[in-house]
Amino acid sequence: MASNDSEVPAAVFPNPGSRPDEPGACAPVIGITTYLQRAQTGVWDVPASFLPKTYLDGVTDAGGIAVLLPPQPTTPACAARVLSRLDGLIIAGGVDVDPARYGQAAHEKTDAPQTMRDTWDLALLDAAIATEVPFLAICRGAQVLNVLRGGTLHQHLPDVVGSPRYQLGGGAFNRVEVEITPGSTIARLVGEHSVGSMYHHQAIDEVGDGLVVTARSDDGVVEAVELPSVPFGVAVQWHPEEETDDRRLFAGLVEAAKAYATERMKQDA
């Protein structure tokens, strides 16, 4: 890590004038949802809000400023107020969405529900859609989006595809090829063929209202959906934050957030 501002690599702030330390300049602010569960560090073993640093790197490497959004009690009005302070939103990965939210009993392999996190993520994403705040939903985030739009999930993919290839376990990401729909936002950013770092044992089943499937793996598993009714609404099942040499999805979000912030300033003037 750089010891002073003069040592920050130019690639971290690739667009001239976007450095937040320049007078009058501010990079777009991207909120990222977090975990809220027991964690250990040093002598402490406590409930904690946390997020892998790779998510923050994805945002800052693309020229944005990352702020964390820990799960907490909320209302639609509160979620909308939070979003009013942001230029973009990332719904991060994590535990399974409570199946009760899409009308199913829990599979034996489904995680214990985290009601507050589900409520928080759903409220923020709903507010982002309503106000057209650009968003990128990752892994669990894609599932949250689908459930929000009335869709359902496959609760345990090995039952569907006969293989644990999408979640090998032990924190080991598996690289799986995906085919991306030509002309989609994701295709514009990463091309029509990609390889994603996978760590999901669930996936989209019935697609939610207004969502369009824009990527699948070779056995037909939905790996990305988009919401065409908003300027930038992208959701992927893979983990782009793990691709340290490829920040194109994050860059797409940050660029959309810049455009959103500029337009909002014009309306507020």
Criterion salt bridge (Lys or Arg N to Asp or Glu O under 4.0 Å) on Asp268 and Arg264, from CA distance to verdict:
CA-CA 6 Å; Asp268 292 344; Arg264 184 168 59 183; 5.0 Å; no
Using residues 186-193 as the side-chain source, report each donor-acceptor pair under 3.5 Å to any protein atom, sequence neighbours left out, with the distance given to one decimal.
residue: His193; atom: ND1; partner: Glu179; partner atom: OE1; Å: 2.6
residue: His193; atom: ND1; partner: Glu179; partner atom: OE2; Å: 3.1

If we only count heavy atoms from C-beta on, is the Glu241 to Pro52 side-chain gap below 4.5 Å?
no
Going by the rule side chain to side chain contact (heavy atoms under 4.5 Å, CB included), which residues pair with Asp205 if we only count those two or more places apart in sequence or in a different chain?
Thr152, His154
Under 3.5 Å: donor-acceptor pair, side chain of Gln72, backbone of Pro70
yes
Applying a strict under-4.5 Å side-chain criterion to I, L, V, M, F, W and Y, I'd like to know whether Val230 and Leu86 cluster together.
yes
Of Gln167, Gln155, His156, the residue whose pairing with His201 passes side-chain hydrogen bond (donor to acceptor under 3.5 Å, both in side chains)
His156
Kindly say whether Cys78 contributes a backbone atom to a donor-acceptor pair with the side chain of Thr75 at under 3.5 angstrom?
yes
Taking it one step at a time, do Lys109 and Asp96 satisfy salt bridge (Lys or Arg N to Asp or Glu O under 4.0 Å)?
CA-CA 10 Å; Lys109 297 291 188 181; Asp96 300 331; over 6 Å; no
Sub-3.5 Å donor-acceptor pair from the side chain of Asp126 to the main-chain atoms of Ala80, do we have one?
no
With a 3.5 Å distance limit and no angle check, can you tell me whether Thr33 reaches the backbone of Leu69 through a side-chain donor-acceptor pair?
no
Who passes side chain to side chain contact (heavy atoms under 4.5 Å, CB included) against Thr115, sequence neighbours left out?
Arg101, Thr119
Within the distance-only criterion (no hydrogens, no angle test), does the side chain of Tyr55 pair as donor or acceptor with the backbone N or O of Thr34 below 3.5 angstrom?
no
By side-chain hydrogen bond (donor to acceptor under 3.5 Å, both in side chains), which residues pair with Arg38, not counting sequence neighbours?
Asp45
Closest heavy-atom pair, Ile180 versus Ser194, reported as atoms and distance to 0.1 Å, is CD1-CB, 3.9 Å
Between Ala142 and Ile204, which heavy-atom pair has the shortest distance, and what is it?
O-CD1, 4.1 Å
In terms of heavy-atom contacts, Ala27 and Asp87 come closest through O-OD2, 4.5 Å
Contacts of Glu223 meeting side-chain hydrogen bond (donor to acceptor under 3.5 Å, both in side chains) (sequence neighbours excluded), chain-then-number -> His200
Using the ring pair (Phe, Tyr, Trp, His ring centres under 6.0 Å) criterion, which residues pair with Tyr260? Sequence neighbours excluded.
none
Looking at Leu83 and Ala127, what are the two nearest heavy atoms and their distance?
CG-CB, 4.1 Å
Remaining members of hydrophobic cluster (4.5 Å side-chain criterion), Leu36:
Met116
Considering only heavy atoms from C-beta outward, does the side chain of Ser49 approach that of Leu68 to under 4.5 Å?
no
Could you tell me which residues satisfy side chain to side chain contact (heavy atoms under 4.5 Å, CB included) with Val195, sequence neighbours excluded, listed by chain and number?
Arg175, Glu177
Do Leu145 and Ile91 have side chains that get closer than 4.5 Å, going by heavy atoms?
no
Measure across Thr181 and Val213 and return the closest heavy-atom pair with its distance rounded to 0.1 Å.
OG1-O, 3.7 Å
Hey, any chance Val212 and Phe135 share a hydrophobic cluster, counting ILVMFWY side chains that come within less than 4.5 Å of each other, even indirectly?
no
Quick one: are Thr131 and Ser84 in side-chain contact, heavy atoms under 4.5 Å?
no
Steps toward side-chain contact (heavy atoms from CB on, under 4.5 Å) verdict (His107, Asp159)
CA-CA 11 Å; His107 188 284; Asp159 293 347; 2.8 Å; yes
Output the distance between atom CH2 (Trp120) and atom CD (Gln114), rounded to the nearest 0.5 Å.
15.0 Å
Residue pairs passing the salt bridge (Lys or Arg N to Asp or Glu O under 4.0 Å) test where at least one lies in residues 137-153, sequence neighbours excluded
Asp118-Arg140, Asp121-Arg140
The reported gap from OG1 in Thr185 to CG in Leu136 (rounded to nearest 0.5 angstrom) is 11.5 Å
Note, Cys139 side chain near Tyr199 side chain (heavy atom, < 4.5 Å):
no
Counting C-beta onward and ignoring hydrogens, is there a side-chain heavy-atom pair between Phe50 and Gln37 closer than 4.5 Å?
yes
Under the side-chain contact (heavy atoms from CB on, under 4.5 Å) criterion, do Val144 and Leu122 qualify, and how do the steps go?
CA-CA 7 Å; Val144 169; Leu122 287 162; 3.7 Å; yes
I'd like to know if the side chain of Gln143 and the backbone of Gln202 have a donor-acceptor N/O pair within less than 3.5 Å.
yes
Test ring pair (Phe, Tyr, Trp, His ring centres under 6.0 Å) applied to His239 and Phe173, step by step
CA-CA 9 Å; His239 284 268; Phe173 291 88; 5.2 Å; yes
In this structure, CG of Leu56 is separated from CG of Asp61 (nearest 0.5 Å) by 10.5 Å
Distance-minimising heavy-atom pair for Ile30 and Val254:
CG1-CG2, 4.5 Å
Enter the distance from Leu124:CG to Thr74:OG1 here, rounded to the nearest 0.5 Å.
6.5 Å
For Trp238 and Val176, indicate whether the former's side chain and the latter's backbone hold a donor-acceptor pair under 3.5 Å.
no
Hey, what do you get for CG (Leu153) to CD (Glu206), rounding to the nearest 0.5 Å?
10.5 Å
Decide side-chain contact (heavy atoms from CB on, under 4.5 Å) for Asp57 and Thr244; before the verdict, give the C-alpha distance in whole Å, the side-chain angles of both, and the deciding distance to 0.1 Å.
CA-CA 8 Å; Asp57 292 341; Thr244 57; over 6 Å; no
Side-chain donor or acceptor of Asp98 paired with backbone N/O of Pro113 under 3.5 Å
no
4.5 Å side-chain heavy-atom contact, Leu253 and Val234:
no
What I'd like to find out is whether the side chain of Asn146 reaches to under 4.5 Å of the side chain of Val225, using heavy atoms alone.
no
Residue list, side-chain hydrogen bond (donor to acceptor under 3.5 Å, both in side chains) with Tyr166, at least two apart or on another chain
Ser217, Asp219
Given a cutoff of under 4.5 Å between side-chain heavy atoms of I, L, V, M, F, W and Y, with clusters grown through shared members, what are the other residues clustered with Val95?
none
Members besides Val46 in its Ile/Leu/Val/Met/Phe/Trp/Tyr cluster (side-chain heavy atoms under 4.5 Å):
none
